[in-house]
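See below for the structure under consideration.
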Amino acid sequence: MTTLAQVRSAIIGKVDALTGFREVPYPVEYFGRAQNSIAHLGFSVSLTGTEAQGERQRRADQVYLQTDVAVIFAHRLRPHDLSDDINTAHGKETDIIQTLLGTYTQKGFTIRYNRSQRRYPDSLEYIITEINFTAQHTP
């Protein structure tokens, strides 16, 4: 049995343990809207939605949930090293995916990678990467 707060905390703990990453106090939906919400390797984790998982393998006394998880982070881009910094940001994205793809059976849930999206603010100062996962768990 795993609560939503436990799922989020476990994911934050895994990303925070990666070298250089630190959590910022903004939800994914507001990340980057204010200048002070962007920091090099600053990240945020949000549980963007939860729904009941399919009927198969369901026990009568237990509900299986599927929770959408978004992890977003910023990587600074230096004007003279733009290409290298973009490649490094892609490497950090891969680090997060590989770290989170491990099973959390000891925590009572599993996680699946869905997709990644990248965007560049007009200033071209950062690449902002959002990675989406699905956590499967029971409350």
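These numbers come from the heavy atoms of this one structure, side chains and all, not from hydrogens, waters or symmetry mates.
- Using a 4.5 Å cut-off on side-chain heavy atoms (C-beta onward), Ile12 and Phe43 make contact.
- Following chains of ILVMFWY side-chain contacts shorter than 4.5 Å, one can reach Leu124 starting from Ile86, so the two form part of one hydrophobic cluster.
- Side chains of Thr67 and Arg8 form no contact here, defined as non-hydrogen atoms less than 4.5 Å apart.
- When atom types are taken as modelled, the side chain of Asn132 and the backbone of Asn114 share no donor-acceptor pair closer than 3.5 angstrom.
- No side-chain donor from either of Gln66 and Thr134 sits under 3.5 Å from a side-chain acceptor of the other.
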Item to check | Check against side chain to side chain contact (heavy atoms under 4.5 Å, CB included), Leu100 and Val71 | outcome: CA-CA 10 Å; Leu100 294 183; Val71 177; 4.1 Å; yes
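- Of all non-hydrogen atoms in Tyr126 and Arg76, the two that sit nearest each other are OH-NH2, 2.9 Å.
- Between Val69 and Thr48, every side-chain heavy-atom pair lies at or beyond the 4.5 Å cut-off.
- Looking at every heavy atom in both residues, Glu23 comes nearest to Asp16 through N-OD1, 3.9 Å.
- At a threshold of 4.5 Å between non-hydrogen side-chain atoms, the residues Ile72 and Ile131 do not count as touching.
- Here the CZ atom belonging to Arg78 is positioned 8.0 Å from the NE2 atom belonging to His40, to the nearest 0.5 angstrom.
- Checking side-chain atoms of Tyr113 against main-chain N and O of Ser116 turns up a donor-acceptor pair under 3.5 Å.
- Judged purely by distance below 3.5 Å, without hydrogens or angles, the side chains of Thr88 and His75 never pair a donor atom with an acceptor atom.
- By the criterion of side-chain heavy atoms lying less than 4.5 angstrom apart, applied directly or through intervening Ile, Leu, Val, Met, Phe, Trp or Tyr residues, Phe73 is not grouped with Leu82; the two fall into different hydrophobic clusters.
- In this structure, Lys92 NZ and Leu41 CG are separated by 5.5 Å, a value rounded to the nearest 0.5 Å.
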Checklist entry - Step by step, would you call Tyr120 with Leu77 a side chain to side chain contact (heavy atoms under 4.5 Å, CB included)? => result CA-CA 10 Å; Tyr120 298 87; Leu77 299 175; 3.7 Å; yes
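- The two residues Val24 and Gly42 come nearest to each other via the heavy atoms CG1-CA, 3.8 Å.
- Considering CZ of Phe133 and CD1 of Ile96, their distance stands at 7.5 Å, rounded to 0.5 Å.
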Item to check | Check against side chain to side chain contact (heavy atoms under 4.5 Å, CB included), Tyr64 and His137 | outcome: CA-CA 6 Å; Tyr64 292 90; His137 57 102; over 6 Å; no
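- In this structure, the side chain of Gln98 does not engage the main chain of Asp95 through any donor-acceptor pair within 3.5 Å.
- Between Asp68 and Leu47 the shortest side-chain heavy-atom distance does not fall below 4.5 Å.
- Minimum interatomic distance between His90 and Arg118 (heavy atoms only, all atoms of both residues): CE1-CD, 3.2 Å.
- Remark: Glu130 does not engage Arg119 in a salt bridge, criterion side-chain N to carboxylate O under 4.0 Å.
- Across all non-hydrogen atoms, the minimal contact from Ile127 to Ala89 is CG2-CB, 3.5 Å.
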